[in-house]
Peer 1: 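Before we start, here is the structure in question, set down as structure tokens.
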Amino acid sequence: MLEKDYPKYFHGMVLPFRCAFVNMSDIPDSDGLACENVATGLGIAAMAHAYDKDAFLEVFRQFKPRLRKMPSNELSCLLEKISVYLTEYLGKEVMKELNMAFKSIGQKYGFVSAGDVYRQEIADARTEEQAKAQKLIEEERQKAENAEAELAQNRDDIEAVLREMGMSDEKIAEMQAKLEALRQSRQSHG
């Protein structure tokens with residue numbers, strides 16, 4: 001039975017083959033840097049330092065001389081993957097540096113390549129998604145502000161009516177505390 005060797009978390013989810021779980025952060029940077037395939041070595045470094053951007057950037061800098069020696073089509077493909085998968089992680093400055101250091105074939109010869117079009121489409125889509133997300137955030141913030149203002153107005157109106165009916169300030173405060181507790185209870189249960 002394969003399950004007995006799996007971590008408890010995976011019991012009941014046995015695959016029809018044996019799996020090995022590897023903690024990529026246990027792989028020393030020297031192994032990734034020594035890897036014959038630059039893309040594989042860089043991939044190992046990216047996974048090994050997935051939670052430490054500065055450490056990854058340091059290893060990445062050590063890969064740059066090897067990147068420059070790659071055939072242009074392989075380099076272009078690798079840079080495309082880096083652009084797609086690591087842009088947010090590396091940051092705009094590093095990506096700008098990469099784009100300047102390693103020009104695409106189209107940039108080299110003065111025409112727009114398919115890769116250039118693809119990168120621009122990705123950039124445009126990200127910009128559009130960010131704009132939509134920002135708009136939704138702003139709409140939700142405005143709704144929350146409006147609801148809060150309406151709630152405050154309702155409280156004021158209720159207080160005014162209760163005072164007109166002769167209820168004491170202590171009773172009004174007691175009633176408000178009970179209403180607030182009820183509201184909090186509803187929020188936590190639904």
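In this chain, numbering begins with 1 at the start of the sequence shown. Values reported hereafter were calculated over all heavy atoms of this structure, with side chains retained and with hydrogens, waters and symmetry mates removed.
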Peer 1: Are the side chain of Arg183 and the backbone N or O of Leu179 linked by a donor-acceptor pair below 3.5 Å?
Peer 2: no
Peer 1: Heavy-atom distance under 4.5 Å between the side chains of Leu78 and Leu42, does that happen here?
Peer 2: yes
Peer 1: Which residues pass the side-chain contact (heavy atoms from CB on, under 4.5 Å) test with Met47, not counting sequence neighbours?
Peer 2: Met24
Peer 1: Give the cluster check for Val59 versus Met70: same hydrophobic cluster or not, with ILVMFWY residues linked at side-chain heavy-atom distances below 4.5 Å.
Peer 2: yes
Peer 1: Do the side chains of Arg163 and Asp169 get nearer than 4.5 Å, heavy atoms only?
Peer 2: yes
Peer 1: Sequence neighbours excluded, which residues qualify as side-chain contact (heavy atoms from CB on, under 4.5 Å) partners of Ala48?
Peer 2: none
Peer 1: Could you check if a side-chain atom of Gln153 sits within less than 4.5 angstrom of a side-chain atom of Glu148, using non-hydrogen atoms only?
Peer 2: no
Peer 1: Applying side-chain contact (heavy atoms from CB on, under 4.5 Å), run through His49 and Asp54 and close with a yes or a no.
Peer 2: CA-CA 9 Å; His49 297 292; Asp54 294 333; over 6 Å; no
Peer 1: Residues in side-chain contact (heavy atoms from CB on, under 4.5 Å) with Ser30, at least two apart?
Peer 2: Pro28
Peer 1: Please name the pair of heavy atoms, one in Leu162 and one in Met175, separated by the smallest distance, quoted to 0.1 Å.
Peer 2: CD1-SD, 3.4 Å
Peer 1: Honestly curious: do Leu33 and Val38 fall in one hydrophobic cluster under the side-chain, below-4.5 Å linking rule?
Peer 2: yes
Peer 1: With clusters defined by side-chain heavy atoms of hydrophobic residues (ILVMFWY) lying less than 4.5 Å apart, directly or transitively, does Met167 cluster with Ile158?
Peer 2: yes
Peer 1: Please report the closest heavy-atom contact between Glu36 and Arg66, naming both atoms and the distance.
Peer 2: O-NH2, 3.4 Å
Peer 1: With sequence neighbours excluded, tell me which residues meet side-chain contact (heavy atoms from CB on, under 4.5 Å) with Arg126.
Peer 2: Thr87, Ile122
Peer 1: By the salt bridge (charged side-chain N to carboxylate O under 4.0 Å, His left out) test, which pairs, at least two apart or in different chains, include something from residues 130-140?
Peer 2: Glu128-Lys132, Glu138-Arg141, Glu140-Lys143
Peer 1: What distance do Asp157 atom CG and Glu150 atom CD have between them, rounded to the nearest 0.5 Å?
Peer 2: 10.0 Å
Peer 1: Between Lys178 and Glu174, is there a salt bridge with N-O shorter than 4.0 Å?
Peer 2: yes
Peer 1: Could you grab the distance from atom CG of Asn37 to atom CD1 of Ile44, nearest 0.5 Å is fine?
Peer 2: 9.0 Å
Peer 1: Shortest non-hydrogen contact from Phe63 to Ala45?
Peer 2: CE1-CB, 4.2 Å
Peer 1: Could you tell me which residues satisfy side-chain hydrogen bond (donor to acceptor under 3.5 Å, both in side chains) with Gln142, sequence neighbours excluded, listed by chain and number?
Peer 2: Asn146
Peer 1: Tell me if the CD atom of Gln184 is crowded by more than 12 foreign heavy atoms within 6.0 Å.
Peer 2: yes
